Amino acid sequence: MSFILLFYESFALKLVGTVLACSLYPLGYIIYNIYFHPLARFPGPKTWAAARLAYVLSLWSGWLHRDVQELHRKYGDIVRIAPDEISFARPDAYNDIYSNSPGRPAFPKSKLWHGAAKGRPLSVLNALDPKVHARFRKAMDPAFTEKALRLQEPVVQRNVEFFIAQLDKLASKDPNGAVVDIVQWFAFLAFDLVGDLGFGEPFGSLEASELHPWVELIFASIRGATYGASLKYYPGLSWLFGLTVPKSVMQKYRAHWSYAVDKINKRLEQKEEKADLISMIKRDDEGVKGITLAELHATTSLIIIAGSETTVSVLSGTVNYLVKNPAVLTTLTNEVRSTFKRESDVSLAALKELPYLSAVVQEGLRLCNPTPVGSPRVVPPEGGHVAGHWLPANTYVNVHPGTMSRSPEMFHKPEAFLPVRWLGEDPAFAKDQHNAVQAFSVGPRSCIGKPLAMAELRLILARLVWKFDLYEAGTEAGRLEWTSQRTFSVVERQPFDVRVQVRTDVLAAS
Ligand code: HEM
């Protein structure tokens, strides 16, 4: 009897112990995070400091960019947004986090956000080791210089020419023009253009007036990839992601990869000289003085995504603001039309000399940053300083572009689309902090495609307003507010209708 009692007593004790441990551990973890963690001295909401959950839920909702912006408004320019993450809304944090400085390399990327997918070769984006990454950049640099761009200009011009011709076909059917979803049309163009440069031929989207399935899968997969990465904060739960992805989607992923590999291999088999990216990226099958064939497959696919997703967002957002600000649109249109008497005069070199066009592009990059959430890095094992603050190893750090772009402390009338702020003429904007806008980021991992992107933005906007008068469409999709869109790593763009009318003096002449 006493033996049985003893057994039950010890069982009951163990049960109580287990229950207590199970409930006390999370409580202890939360109390530690809020009050005793080395980052506890940084301001921020306790709910976000207590556990990763608040951050992950915000990320999953698509409103992380807006939530963090609100937290910065409330708590200041340095905010703790997770037990182990600090968000900075300070221009000086850019260099501290992302740039190399003497004796102190840029903070590394984390495996969690940027690790390569299982079984896939490395691309420039997920080459986490700085030495390997430097090898990629050295091999890729020749394809992205101003000199390379001059050689690539005919490819760029050809695609933009076709874009204008296709819109012209639609718009010239009716004297009042045509209502088009300009976001779609920019996507057709941007993917065709970068496909032409990367795979050696366009996707045919402009021709067919529809997106190629390869491109459609990209749109569908970015949100999934964001969910997948965030689950890695909970290593025990990552398997859940596998369960949520249907087999058919996995098959499509594999087909997507095979399509890219086939395209690149076919391009490499062609002997003709082409001024495209593939011919300018340095190859080395030993992976010493250039990148291997497998790395080229992964990197070219990435270039096509990185080089079009971003450009489409900036173009769509900029046109959204332009049609809602007719005075700005008129100033831009006048500058372009008075500079170029013929469409064929519009060259990349000449466009660089147009101050108002450059200001419009800068303002577009400020208010329509395609990645308003930024790109996190991790403090290295020896710890490091950001914006004058010492941070322990493994702290996630991020500069939050969306907050700075719309900060009333950094920009006069921050929510208004006012390119004049970039011209340095109006004293009202004298205190604007231009260095708070770094849409291409800084340092060794900043955007390699910046010269090409700037050229595309200038050329496409200039050709559009040279040929067409643009107006608000008056449809449901024409009322889109740029800020009403969610973000899953990149802005999840919604359709935006614009009325595109062939300019009357051109109609009369033709
Ligand atoms: C307006 C257009 C663009 C914007 C705003 C933009 C922005 C950025 C940013 C912020 C990064 C750094 C990402 C990080 O730190 O993780 C980046 C990287 C990159 N971008 Fe762009 N980008 C644009 C256009 C392009 C174009 C046209 C190309 C090429 C055709 C391109 C290719 C790349 C590549 C390959 C990387 C990875 C660089 C590396 O890891 O070393 N981007 N871009």
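Computed over heavy atoms, backbone and side chain alike; hydrogens, waters and symmetry mates excluded. All residue numbers refer to positions in the sequence shown, counting from 1. Just follow the structure's listing: the first ligand is 1, and inside any ligand the first atom is 1. What you are looking at is a predicted structure, and each value in this text was computed from that prediction instead of being measured.
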Report each N/O pair between ligand 1 and the protein that falls under 3.5 Å, naming both atoms.
from	atom 1	to	atom 2	distance (Å)
ligand 1	15 (O)	Ser375	OG	3.4
ligand 1	15 (O)	Arg377	NH2	2.9
ligand 1	16 (O)	Ser375	OG	2.9
ligand 1	41 (O)	His133	NE2	2.6
ligand 1	41 (O)	Arg137	NH1	2.7

Establish, from distance only, whether the side-chain atoms of [X] and [Y] form a donor-acceptor pair under 3.5 Å.
X: Asn265; Y: His297; value: yes
X: Asn159; Y: Asp196; value: yes
X: Trp466; Y: Glu343; value: no

Query raised in the report: Among His72, Arg80, His400, which one satisfies side-chain hydrogen bond (donor to acceptor under 3.5 Å, both in side chains) with Ser87?
Result: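 Output: one option passes, namely His72.
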Report task. Determine the interplanar angle of the Trp60 and Tyr227 rings, folded into 0 to 90°, and report it as parallel if under 30°, tilted if 30 to 60°, perpendicular if over 60°. Result ->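 Plane angle between 30° and 60°, so tilted.
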Query raised in the report: In Å, rounded to the nearest 0.5 Å, how long is the span from OG of Ser110 to CZ of Arg377?
Result: 9.0 Å
